[in-house]
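Sequential numbering from 1 along the given sequence is applied to the chain's residues. For clarity, every value in this text was computed on a predicted model and none was experimentally measured.
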Amino acid sequence: MYLLDQAHWSLLAALKEHGTLSTAAAVLGVTQSAATQRLREAERRLGVPLARKQGRALVLTDAGRTIAAAAQATQPALRQAESEA
């Protein structure tokens with residue numbers, strides 16, 4: 001069983017790509033509040049922080065960057081498989 005679901009993976013990939021939670025949320029079509037809750041839920045499930053505040057910015061931790069990079073690498077293949085199904 002996986003600890004994170006597609007919504008968590010997508011959020012972390014979008015956060016890595018766009019750099020801010022508000023932009024990542026907008027790209028995913030969710031509110032910033034929903035994105036924040038999604039991020040906190042992912043952290044709770046994994047038991048590690050995935051992002052931290054740095055001034056006004058939200059920066060991915062090493063664990064967050066690892067998950068985000070894996071999401072960016074796998075999501076195109078998953079989208080392709082879904083469209084071919």
Side-chain angles (χ1 to χ4, degrees):
M1 179 173 113
Y2 296 104
L3 297 176
L4 302 182
D5 60 33
Q6 184 62 33
H8 300 117
W9 289 87
S10 295
L11 175 63
L12 289 164
L15 184 55
K16 182 175 187 278
E17 182 176 344
H18 299 287
T20 68
L21 191 62
S22 60
T23 303
V27 166
L28 296 173
V30 300
T31 64
Q32 185 171 346
S33 176
T36 299
Q37 290 175 357
R38 193 175 288 177
L39 177 61
R40 298 298 168 238
E41 175 67 11
E43 291 176 328
R44 185 192 66 73
R45 288 182 183 192
L46 291 173
V48 297
L50 298 173
R52 62 179 168 75
K53 292 285 280 180
Q54 184 173 330
R56 293 179 55 100
L58 189 63
V59 179
L60 290 173
T61 62
D62 288 342
R65 284 191 299 275
T66 298
I67 298 279
Q72 287 178 318
T74 57
Q75 284 184 332
L78 293 171
R79 281 192 211 71
Q80 181 69 32
E82 286 179 346
S83 70
E84 290 176 5

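Pairing each heavy atom of Ser22 with each of Gln32, the nearest pair is CB-OE1, 3.5 Å. Smallest separation of non-hydrogen atoms from Ala63 and Pro49: CB-O, 4.0 Å. Here the closest heavy-atom approach between residue Ala35 and residue Leu21 is recorded as CB-CD1, 3.9 Å. The two residues Lys16 and Ala68 have their closest heavy-atom pair at CD-CB, 3.5 Å. Across all their heavy atoms, Arg38 and Ala7 have their closest contact at CD-O, 3.2 Å. When every heavy atom of Ala24 is checked against every heavy atom of His18, the shortest pair comes out as N-CB, 4.4 Å.
Within the 4.5 Å cutoff, the side chain of Leu12 has heavy atoms near those of the Leu39 side chain. Using a 4.5 Å heavy-atom cutoff, the side chains of Arg44 and Arg40 are not in contact. Using a 4.5 Å heavy-atom cutoff, the side chains of Thr23 and Glu17 are not in contact. Between Lys53 and Leu58, the closest side-chain pair of non-hydrogen atoms falls below 4.5 Å.
Here the straight-line distance linking atom NE2 of His8 with atom CD of Gln6 works out to 11.0 Å at 0.5 Å rounding. Taken from OG1 in Thr61 to CZ in Arg52, the straight-line distance is 8.0 Å, to the nearest 0.5 Å.
Leu15 and Val59 sit in two unconnected hydrophobic clusters of ILVMFWY residues. Membership requires side-chain heavy atoms under 4.5 Å apart, directly or through other members. Under a hydrophobic-cluster definition in which Ile, Leu, Val, Met, Phe, Trp and Tyr are linked whenever side-chain heavy atoms come within less than 4.5 Å, directly or via other members, Trp9 and Val48 are assigned to the same cluster. Under the 4.5 Å side-chain heavy-atom criterion for Ile, Leu, Val, Met, Phe, Trp and Tyr, Leu3 and Ile67 are members of the same hydrophobic cluster. No continuous path of ILVMFWY side-chain contacts below 4.5 Å connects Val27 to Leu60, so the two sit in separate hydrophobic clusters.
Side chains of Gln37 and Glu41: no donor on one and acceptor on the other come within 3.5 Å.
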